[in-house]
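Reviewing the structure listed below.
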Amino acid sequence: MRIRCPYCGERDLSEFAYWGDGGYVRPDPHAHDPEFAYYTAVYLRDNPAGAHAEFWYHGIGCRSWLKVTRDTVSHRILGVEFAGARR
Amino acid sequence: MRYSLFSLLRQSLVGHRGWQPVWRDAAPKRGYDIVVIGGGGHGLATAHYLAKVHGIRDVAVLEKSWIGSGNAGRNTTIIRSNYLLPGNNPFYELSMKLWEGLEQDLNFNTMVSQRGVVNLYHSDAQRDAYARRGNAMRMHGVDAELLSRAEVKRMLPFLDFDNARFPIRGGLLQRRGGTARHDAVVWGYARSASDLGVDIVQNCEVTGFLREGDRVVGVSTSRGDIRAAKVAVVVAGSSSRLAALAGLKLPIESHVLQAFVSEAIKPFIDTVVTFGAGHFYISQSDKGGLVFGGDIDGYNSYAQRGNLPTVEDVCESGVALMPAISRARLLRSWAGIMDMSMDGSPIIDRTPLPGLYLNAGWCYGGFKATPASGFCLAHLLARDESHPLAAALTLDRFGAGRLIDEKGQGAQPNLH
Amino acid sequence: MSGRRLPKGGLIARDRLLRFEFDGKKFEGFAGDTLASALLGSGVSLVGRSFKYHRPRGILSAGCEEPNALVELRDGARLEPNTRATVAELYEGLRARSQNRWPSLGFDLGAINSLLSPIFVAGFYYKTFMWPARWWEKLYEPLIRRAAGLGRLGHEADPDGYEKSHLFCDVLVIGAGPAGLAAALAAGRSGARVVLCDEDFLPGGRLNGERMEVNGEAGSSFAAKAVAQLRAMPEVTLLTRTTLFGVYDGNTFGALERLADHKPVPHPGEVRHRYWKIVARRTVLSSGAMERPLVFDGNDRPGVMLSSAVRSYLNRFGVTPGRRAVVYTTCDDGWRSAFDLIGAGVEVAALIDARSDVVDSLLTEAKRHDLPVYRGSEVVGTHGRLRLSAISMREAGGRSRRISADLLSMCGGYNPNIALSTHLGSRPQWDADLDAFTAGTLPAGMAIVGAAAGEFTLAGALKHGAAAGLEAVRALGFSATSAPKFSVEEEVPASNKLMVAPHGGAKAFVDFQNDVTRADIELAAREGFRGAEHLKRYTTLGMATDQGKTSALNGHALMAAFTGRATADLGTIGSRPPYTPVAIGALAGAHRGSMYRPVRLTPGHEWARAAGASFVESGEWLRAQWFNAPGDKDWFDSVVREVKGVRSSAGICDVSTLGKIDVQGGDAAVFLDRIYANLISTLPTGKVRYGLMLREDGMVFDDGTAARFAENHFVLSTTTANASRVMQHLEFARQVLWPALDVQLSSVTDQWAQFAVAGPRSREVLAEVLKDAFDCSNAAFPYLGCAQFAWRGRTARLYRVSFSGELAYEIAVPAGAAEECLEALKQAGAPFDLIPYGLEALGVMRIEKGHAAGGELNGTTTARDLGLGKLMSGKKDYIGRVLAERPGLIDPNRAVLVGVKPVNAASRLYAGAHFVARGTAPTLENDQGFVSSVGYSPSLGHWIGLGFLNRGASRLGERMLAHDPVRSGDTEIEITTPCFYDPDGERLRS
Amino acid sequence: MMEPHAAIAEIHIEAGEIRQVVRAMARRGEEAEFARRVRDTFALELPSKPERVCREPVAVVGIAPGAWLVMDSGFSSSLMDRLKAAAGTTASLCDLSDAYVFRRVAGEKARTALAKLVPIDLHGWQFPVGSAASTLAAHVSVLLWRLADAGSDPCFEIGVPRSYAGYIYEALAHAATTTR
Ligand SMILES: Cc1cc2nc3c(=O)[nH]c(=O)nc-3n(C[C@H](O)[C@H](O)[C@H](O)COP(=O)(O)OP(=O)(O)OC[C@H]3O[C@@H](n4cnc5c(N)ncnc54)[C@H](O)[C@@H]3O)c2cc1C
Ligand SMILES: NC(=O)c1ccc[n+]([C@@H]2O[C@H](COP(=O)([O-])OP(=O)(O)OC[C@H]3O[C@@H](n4cnc5c(N)ncnc54)[C@H](O)[C@@H]3O)[C@@H](O)[C@H]2O)c1
Ligand SMILES: Cc1cc2nc3c(=O)[nH]c(=O)nc-3n(C[C@H](O)[C@H](O)[C@H](O)COP(=O)(O)O)c2cc1C
Ligand SMILES: [Zn+2]
């Protein structure tokens with residue numbers, strides 16, 4: 001697998017670390033029933049067969065966190081962007 | 001026909017014309033008491049124990065492809081009960097006990113081979129962690145021995161003890177651990193269940209659930225709707241997909257784990273060995289192939305195949321541990337889709353939907369659990385209460401913070 | 001003895017004689033031979049024994065698909081089992097042995113299995129050996145294992161070197177037959193970066209094995225010229241002896257180059273294999289086709305050979321595999337072998353074609369050669385003990401005939417070699433015209449050409465190869481003018497009919513190596529293993545070292561026939577990497593032995609070595625475990641001496657391995673408040689504070705310190721083990737969770753050498769070292785101070801923190817100044833008997849102080865479990881705050897950190913022991929917790945430990961058992977507070 | 001530690017000339033202003049991608065979005081001080097002068113040897129003079145860039161975290177030895 005880091009260019013899988021469901025949003029700690037909100041956010045994951053938005057970390061590279069859209073059946077990369085707002 | 005040396009000899013005289021199909025390739029009926037989705041080891045074992053222990057025979061096992069096509073048919077076949085935590089340890093020991101009587105229970109040689117499992121340690125801290133685990137095992141009556149470096153050397157003189165980057169300092173041995181012939185486990189359970197009246201339906205993919213309000217009352221499949229009082233999802237790597245059909249999200253990610261086999265060679269290693277300073281474990285199959293594996297690739301996947309970084313990692317670790325395998329040739333590599341749970345331990349439980357039951361989260365260690373998993377799920381389905389030895393394996397433990405996290409990695413499935 | 005070397009011809013170097021040994025007998029061959037061709041040329045046809053029945057086996061093929069002729073090559077630590085003689089290149093002094101036989105190849109006792117074959121049918125072992133259960137491991141399984149397996153693998157370490165390399169190209173061409181050569185020429189001429197690889201040592205594919213011409217010259221000469229042209233192109237890389245073994249995601253390919261397998265041993269400094277990781281924008285798969293054997297009784301006897309192999313031996317190696325041949329075919333292509341044999345002066349006793357209809361041109365040519373032709377006929381048996389002496393056939397009319405022959409050339413048509421098209425999961429498709437599976441959906445960017453695409457004519461292979469090469473470079477934007485043109489004689493595409501053996505039984509082999517017969521397939525059908533995959537797993541069809549290259553389709557066609565289905569509906573088994581077996585060592589490359597994983601050395605490493613350090617692995621790092629001093633009997637003495645030295649005077653310890661992270665920016669303090677459970681923003685400049693990080697699930701993640709050097713500048717320390725994970729975590733928080741904050745992070749672990757200077761005299765030592773650079777008096781620099789200043793022209797940092805519990809400092813200097821700093825400390829410390837101390841002493845002292853470390857920070861403990869609940873700030877949000885309050889995490893019954901000491905002061909403690917109340921049975925139900933760390937405390941004069949005990953905080957003083965059946969048995973212990981030494985912390989503030 | 005001046009076959013490995021290294025990170029929203037100030041003071045254009053620009057004795061390499069490694073091959077004055085003066089509050093600066101060991105790898109076969117360590121394309125078309133990368137070498141995270149050619153041969157500079165230097169040197173030496 002090769003991921004095109006928006007900063008470094010296309011790089012081999014071995015430079016990246018994976019962190020799962022890219023839909024993760026840290027819940028508002030002041031929300032109603034924060035414990036349930038955190039439980040849901042931390043433990044329940046999107047796990048589709050097909051297009052999946054996910055976090056990848058270019059740790060052996062520019063250390064950018066990326067949001068990669070990837071097909072979990074074909075492993076084809078459908079899109080890559082910086083996970084955070086570009087500074 | 002009962003299998004025995006006698007029946008084999010008799011058949012050899014008549015050109016083996018008398019053998020029957022090992023299991024009936026059934027067509028689905030309109031309804032069953034219980035429908036088990038997934039014709040892997042766990043689904044078939046569930047059906048076997050439902051019929052045999054609980055007398056519930058109006059059962060169908062629905063398999064989208066051929067039975068054993070999933071992880072049951074592609075795992076590295078290691079069985080052991082060397083767990084640390086009280087939520088796991090007695091459950092896996094139940095499984096080990098069932099393995100020990102499986103051939104007789106099924107009248108099928110599943111080649112359970114208690115050749116021993118050695119986990120190597122390479123530091124004092126690792127030794128102490130293994131001692132803690134070994135002690136927990138012993139407290140439950142499970143066999144465990146903490147081996148010194150010299151003892152390991154006597155057993156496995158060809159490991160790289162001195163020159164390696166991480167010297168071997170000893171190991172934790174479970175002699176009763178070992179391997180079993182994975183396909184035979186599938187076929188043996190299928191044969192027994194089928195003989196007891198269970199329908200094994202292949203090429204039957206579940207595509208949805210029949211609902212009456214919240215209650216699940218059956219499934220829709222590629223071969224029509226099938227009603228059932230109870231439906232159990234036992235689909236390992238596909239758990240999240242099935243759950244999604246029922247509108248549920250699970251604490252599970254599906255990950256790809258590769259496995260490898262070498263060309264067949266004469267007996268080379270007669271125990272199961274796991275490396276403690278890298279991801280690598282190895283055993284030798286009865287056919288002679290060195291069967292080995294390592295870490296998961298680390299990303300979500302349903303592809304049943306992996307990539308080169310893991311291949312390299314596994315081979316580097318293997319050669320670091322056993323420099324002699326460098327010249328053995330890798331024959332084939334493949335992969336399976338693992339249901340990696342958020343604490344690395346499984347789930348056998350009801351779901352929030354009445355009538356729907358879940359057996360999932362087996363990670364890379366569910367083969368050894370096959371008998372106990374089927375046994376405990378059958379218990380849950382038949383009695384509507386958890387088997388005491390599987391009582392901790394609940395779905396709500398994540399919300400409640402009662403995790404069973406052997407590795408202490410937290411909610412990061414690819415680190416378990 | 002019947003094969004022999006022809007007087008002339010072939011692509012061998014007849015002037016380069018090579019001597020070799022097989023089973024101890026001496027033979028000769030030529031450079032350019034394979035072991036197989038050299039054996040055939042020397043009249044050897046019995047080469048091995050089969051897996052299960054130990055049937056005598058010869059040489060079936062001339063390529064990588066060989067199932068029979070497997071040998072043990074080389075000796076000693078270089079022993080290589082299961083080496084295919086058909087691809088092993090001959091070298092001077094080669095030594096090979098047959099395998100899976102005892103006592104000898106000619107007389108093998110294992111052949112008794114053959115007599116038992118009526119019992120040893122597919123899957124027989126599932127039905128028996130179940131009683132008595134204990135006998136499986138003791139008797140049956142060892143017997144099966146000893147009988148199974150082929151060659152032996154030694155237990156010695158492999159002495160050869162290996163390496164990995166990376167290769168990037170525009171177009172990768174896999175296979176250098178006519179199709180691949182044409183593709184590479186077309187693509188290469190555009191100037192694109194082209195890689196052409198072939199597993200053979202001689203590029204050219206079938207051109208080398210056939211008597212076909214291209215551009216008016218011999219095919220092999222054409223190939224040689226094409227190769228020369230390619231070598232002259234600067235951007236073309238030609239890799240021979242290189243097998244493309246796997247196709248992976250992202251246009252990544254794995255290939256294995258064998259650099260030294262054709263030599264007695266690798267040259268000094270030469271690696272045996274190079275594993276290439278290739279990234280190609282476009283690929284042309286030109287891997288050719290593989291011939292299908294025919295299934296009939298006795299088709300495995302030495303002397304029965306694939307017809308394309310017969311031609312390869314004749315034309316490429318100048319060897320005839322027999323003296324009197326029969327040719328058996330279901331396709332036109334088989335006829336070629338008859339004509340080539342005749343051309344080489346070999347008698348062809350008969351040509352047997354299972355078809356009734358054969359094109360006239362073939363019949364005419366047969367007539368010209370006086371070749372007896374039997375149409376609509378079949379071979380039904382073979383004869384001979386260790387090699388073929390005759391065949392039995394049945395003529396169209398039903399008449400039987402026996403023909404003596406020592407060579408049977410068989411051709412059942414060809415299968416496109418599409419393995420590599422399926423590695424990404426695509427399923428092959430049935431091509432009814434071709435009667436074979438062809439590639440399904442191709443991996444993105446791949447084109448398939450030549451025989452691999454079912455294009456079986458030479459003209460077609462060249463033309464389509466060139467077109468594909470051209471198209472690939474054009475698609476990449478290279479301006480390529482036109483495809484190279486080749487002139488060849490037009491051929492009519494030959495028929496490729498798949499004819500399933502209508503009869504034959506337990507001696508009609510489908511999978512030669514695994515001894516799977518036609519009867520086994522019938523049995524599998526009867527027992528319900530009817531799909532291709534179940535068939536494979538039940539009978540082991542296609543699971544041998546050749547992975548079904550010659551057997552799979554025949555087996556599937558038979559199963560289809562037995563169950564009344566079309567072969568197309570049955571499908572075929574999936575192929576997986578590697579395409580042919582690859583040495584495990586090649587995939588490990590150079591990362592073995594001491595180079596297995598990186599070694600990290602601290603800047604004080606050499607200094608410590610000189611000071612007598614003994615090092616230990618700590619993750620990637622090597623750290624000083626203790627220092628051997630004169631008078632130390634063993635490590636225990638050293639550790640005790642070091643602890644005493646520190647506690648009584650002063651010591652230094654290299655703590656450079658701790659992770660160090662520099663945090664700057666306007667929001668640095670806000671950021672760190674969210675990262676740590678405790679408040680950081682209130683820390684004044686010039687102060688350092690202990691910091692506890694949780695994971696979002698509420699468990700403790702890491703601990704360390706945060707030092708504030710300026711309003712917007714912090715330096716964090718992390719544990720050695722978690723350094724990179726903490727960095728990743730902080731980057732996630734910075735980039736993903738709170739991108740609006742103004743925070744900048746740098747890892748500075750490698751920049752700084754850091755040394756703990758600990759002990760009651762440490763201030764005096766330090767004052768001497770720092771002199772005017774910094775005032776480290778208690779008044780100027782109290783406990784938990786931090787400062788940065790210039791020392792000998794470099795920037796230095798000083799932290800007043802203590803892990804040992806003594807008055808202590810950590811001094812950080814740029815890594816390049818490490819030795820200078822250590823020397824300065826040593827000199828300044830001499831009057832105080834300052835000693836260096838290692839990890840063990842550090843560990844003992846932290847246990848004495850009750851500080852949590854590795855054994856306690858195991859990912860399953862909460863801050864409260866560690867007695868650090870008071871650090872969890874109620875004034876702010878931070879990672880882990882919410883989920884730390886889940887019922888299971890605040891359960892009063894949880895095990896919490898306690899101290900442990902033996903009731904009998906002479907007893908030793910062991911980490912990993914479990915707590916059990918006295919008088920209760922040591923069962924899981926009665927398990928109360930465990931000992932997590934232990935050490936011998938010289939300060940107290942007995943062993944001490946830390947552990948986690950259920951409701952431990954309320955059980956101080958309780959006596960229990962430390963239950964350790966795997967090591968030390970039971971030890972009576974007393975529960976204490978975790979802190980054994982200076983609980984009020986007076987020493988570290990002094 | 002690395003042995004400088006190992007000359008194996010057509011590959012020359014020698015110590016780099018970098019003396020001072022500062023990692024500079026633009027403060028939030030200040031990237032353009034920081035770039036302007038660097039341009040004014042050092043007459044260098046901050047690269048917005050992984051590239052190396054140089055005006056002797058100072059060179060700048062882009063290593064991450066908003067982050068650069070600034071290097072000085074002289075000792076004459078403190079690079080940190082000069083950068084601090086130039087940047088003011090527009091950037092955070094961090095001294096990494098001792099964090100890396102730099103080696104130059106040059107010669108006809110330099111690329112061949114390096115290809116055994118790093119998984120990136122070093123071909124002249126893809127990695128021309130001035131290209132830079134943060135990447136992997138033999139399991140270690142390294143920096144790599146291409147300097148001006150040495151004669152007709154390419155010349156690369158590799159920056160290895162100091163603690164790994166010995167290991168990487170050994171891997172590099174092995175790669176060079178087996179390169180014919
Ligand atoms: C490479 C590898 C190595 C492993 N090594 C070990 C080991 O050494 N020891 C160990 O203990 N464990 C090991 N495991 C784990 C173990 O194999 C699994 O945990 C276990 O097999 C899972 O249970 P199962 O047998 O029921 O799963 P499976 O065999 O995967 O059964 C699930 C079945 O459900 C079917 N299915 C899915 N969706 C549907 C649908 N919609 N409708 C109908 N059917 C459906 C699938 O086709 C499949 O057959 C390994 C796994 C892998 C992949
Ligand atoms: N008449 C027939 O029935 C018939 C059938 C098949 C082929 N042929 C003849 O075969 C030739 C076809 O040409 P072609 O170029 O397509 O095939 P080819 O067989 O000539 O060449 C294929 C090459 O690919 C190589 N190869 C295969 N897999 C490889 C891998 N994984 N890695 C590295 N190398 C690999 C082989 O070593 C071989 O050199 C023509 O000459 C044609 O006439 C004839
Ligand atoms: C324990 C075990 C041993 C295996 N041994 C062999 C073997 O000797 N030869 C072989 O070709 N494949 C062997 N395989 C791999 C299978 O061929 C197959 O690849 C695997 O079951 C996954 O199926 P798939 O490749 O069809 O997806 C083995 C698999 C397992 C689990
Ligand atoms: Zn990047």
Side-chain angles (χ1 to χ4, degrees), chain A residues 1-5 10-27 31 33-61 65-80 83, chain B residues 64 235 237-245 247-256 295-313 316 335 337-343 347 352 360-361 395-403 405 410-416:
Chain A
M1 209 136 68
R2 293 177 66 79
I3 297 174
R4 188 175 293 280
C5 169
E10 192 184 278
R11 293 297 181 86
D12 186 71
L13 178 61
S14 48
E15 294 189 357
F16 297 86
Y18 178 78
W19 194 87
D21 191 347
Y24 174 79
V25 178
R26 189 169 186 267
D33 198 356
E35 208 170 291
F36 183 75
Y38 271 84
Y39 154 66
T40 320
V42 170
Y43 286 103
L44 303 187
R45 301 267 168 115
D46 267 347
N47 186 16
H52 184 222
E54 49 199 31
F55 288 117
W56 288 81
Y57 176 55
H58 195 191
I60 303 182
W65 276 93
L66 308 176
K67 197 177 282 186
V68 176
T69 312
R70 193 178 56 96
D71 187 314
T72 58
V73 178
S74 68
H75 292 174
R76 205 167 290 171
I77 310 282
L78 309 172
V80 186
Chain B
K64 70 171 174 189
V235 294
S238 301
S239 298
S240 297
R241 298 176 73 178
L242 268 289
L245 294 177
L248 302 174
K249 231 182 193 186
L250 298 179
I252 283 177
E253 278 182 3
S254 292
H255 279 263
V256 55
D295 203 2
I296 54 179
D297 269 41
Y299 44 82
N300 283 34
S301 171
Y302 287 93
Q304 290 193 334
R305 58 185 179 76
N307 278 294
L308 285 169
T310 305
V311 178
E312 293 164 22
D313 186 66
E316 287 169 6
I337 303 310
M338 243 100 24
D339 35 339
M340 299 297 295
S341 72
M342 293 286 159
D343 62 358
I347 299 158
L395 189 52
D396 68 4
R397 68 176 187 265
F398 302 92
R402 302 195 188 277
L403 303 147
D405 189 349
Q412 201 164 328
N414 60 350
L415 298 181
H416 281 292

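In what follows, chains carry the letters A, B, and so on, assigned in the order in which the sequence lines appear, proteins first and then strands, with residues in each chain numbered from 1. Because the structure is predicted, anything quoted here is derived from the model rather than measured.
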task = Give the minimum heavy-atom separation between Val73(A) and Arg305(B), together with the two atoms involved.
result = O-NH2, 4.4 Å
remark   = d(His75(A) NE2, Asn300(B) CG) to nearest 0.5 Å is 9.0 Å
ask   = Relative to chain A, which segment of Ala411(B) carries a heavy atom at a distance below 4.5 Å: side chain, backbone, both, or neither?
value = both
request  = Go through the atoms of Ile252(B) and report whether side chain, backbone, both or neither lie under 4.5 Å from a heavy atom of chain A.
outcome  = both
message = Can you give me the closest heavy-atom contact between Pro251(B) and Leu44(A), atom names plus distance?
response = N-CD2, 3.6 Å
request  = Could you grab the distance from atom OG1 of Thr310(B) to atom CG of Leu13(A), nearest 0.5 Å is fine?
outcome  = 7.0 Å
remark   = Output for pair (Asp21(A) CG, Glu253(B) CD), nearest 0.5 Å, gives 7.5 Å
From OG (Ser254(B)) to NE2 (His52(A)), nearest 0.5 Å = 9.5 Å
note = Whatever's closer than 4.5 Å to a heavy atom in chain B on Asp46(A) counts as both
Interatomic spacing from CE in Met1(A) to OH in Tyr299(B) - rounded to 0.5 Å = 4.5 Å
ask   = When you measure from the side chain of Arg45(A) to the backbone N and O of Ser240(B), does any donor-acceptor pair fall under 3.5 Å?
value = no
request  = For residues Tyr18(A) and His255(B), determine if any side-chain heavy atom of one lies less than 4.5 Å from a side-chain heavy atom of the other.
outcome  = yes
task = Determine whether more than 12 heavy atoms belonging to other residues, nucleotides or ligands lie under 6.0 Å from atom CZ of Arg76(A).
result = no
message = Is the ring pair Phe398(B)/Tyr43(A) parallel, tilted or perpendicular, if the boundaries are 30 and 60 degrees?
response = tilted
key: Heavy-atom proximity to chain B below 4.5 Å, by part of Thr40(A)   = neither
key: Top contributor to chain B contacts, counting heavy-atom pairs under 4.5 Å, from Ser14(A), Ala49(A), Ala17(A)   = Ala49(A)
message = Run the side-chain contact (heavy atoms from CB on, under 4.5 Å) test on Asp396(B) and Tyr39(A) for me, step by step, so that the C-alpha distance in whole Å, both residues' side-chain angles and the decisive distance to 0.1 Å come before the verdict.
response = CA-CA 10 Å; Asp396(B) 68 4; Tyr39(A) 154 66; over 6 Å; no
